[in-house]
Amino acid sequence: MTTTLITGGNKGLGFETARRLLAAGHTVYIGSRDAERGRRAAEQLGARLVHLDVTDDDSVAAAVKTIEVDGGLDVLVNNAGIEQRTENNEVIGAADTTADLMRHVFDTNVFGVVRVLHAFLPLLQRSAAPVIVNVSSGLASITGATNPAYVYPGVAYPASKTAVNMITVQYSKAFPNIRINAVEPGYTKTDLNGNSGVQTVEQGAEIIVRMAQVEPDGPTGGYFDRNGTLPW
Ligand SMILES: NC(=O)c1ccc[n+]([C@@H]2O[C@H](COP(=O)([O-])OP(=O)(O)OC[C@H]3O[C@@H](n4cnc5c(N)ncnc54)[C@H](OP(=O)(O)O)[C@@H]3O)[C@@H](O)[C@H]2O)c1
């Protein structure tokens, strides 16, 4: 039996990933920073619930204890993420990007990933087939960003996901027994972007679900969307 934790699993891509992995037979914990939102989502899914705020050491440590007592962890999906926008749902551009804004976004999208990954490493190391999926973004690609077709004006969000890509590569080399990959779901209609995305969550979750089920001889240290490998 494969046990999987999805951070930020109470809605959006994390919720859909949980639904699909439950259907595939995984025991799924959804992590939620809000008890009530988490309870409702877990009930709807038939998933287990663990309180988990990726910016909070104590909540992450408590989540590790809960999952350890229950039997351990095989798959970690680092899905929780934020993108700061204005009240009118406009991306905050370079001129308005402050150190505080960067810190806020990095706290969840980058330090949150490292906090959770570091805390769950001992459990993952005990798994026979450990897997980590880091939910990145196509906006993370520097090759993409230097192409004139890349028109996204924000700084904090794509920089945070570029950091997630580097984190993925470095951890994959440090832990060759763990399959660790970064994935780009594609521009998906969720609360993150004020529901302006063009894909459904079913389409967006596809690569997350696939990489969560990667075999021990499958890729590691890669960056993928549902059509294949992406350029860094
Ligand atoms: N949608 C897209 O087009 C798109 C494209 C590429 C990549 N992504 C990535 O996909 C991932 C999921 O995003 P989504 O589109 O599904 O957005 P979403 O619907 O806004 O869901 C984000 C989830 O992350 C949770 N979260 C935020 N901060 C957290 C924290 N400090 N601790 C724990 N959970 C936290 C949210 O919890 P609350 O409900 O409590 O806020 C929510 O469950 C993100 O990493 C995002 O960057 C999205």
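As the structure lists them, so they are numbered: ligands from 1, and atoms in each ligand from 1. Each residue takes its place number in the sequence, starting with 1. This one's a predicted model, so the numbers in the text were calculated from it and none came from an experiment.
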Would you be so kind as to tabulate the donor-acceptor pairs closer than 3.5 Å made by side chains of residues 114-130, with sequence neighbours excluded?
| residue | atom | partner | partner atom | Å |
| --- | --- | --- | --- | --- |
| R115 | NE | D57 | OD1 | 2.8 |
| R115 | NH1 | V54 | O | 2.7 |
| Q125 | OE1 | N177 | ND2 | 2.8 |
| R126 | NH1 | E68 | OE2 | 3.2 |
| R126 | NH2 | E68 | OE2 | 3.3 |
| S127 | OG | D74 | OD1 | 2.7 |
| S127 | OG | A129 | N | 3.1 |

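- Listed as neighbours of ligand 1 are G8, N10, K11, G12, L13, R33, R37, L52, D53, V54, T55, N79, A80, G81, I82, T108, V135, S136, S137, Y157, K161, E184, P185, G186, Y187, T188, T190, D191, L192, N193, each bearing a heavy atom under 4.0 Å from the ligand.
- Using modelled atom types and a 3.5 Å distance limit, the side chains of Y171 and N134 yield no donor-acceptor pair.
- Under the 4.5 Å side-chain contact rule for hydrophobic residues, V135 and I82 do not share a cluster.
- In plain terms, the two heavy atoms of H26 and Q213 that are nearest each other are NE2-CG, 4.0 Å.
- Side-chain atoms of D34 and S32 form no donor-acceptor pair, as typed in the model, at a separation below 3.5 Å.
- A side-chain donor-acceptor contact under 3.5 Å links S136 and N165.
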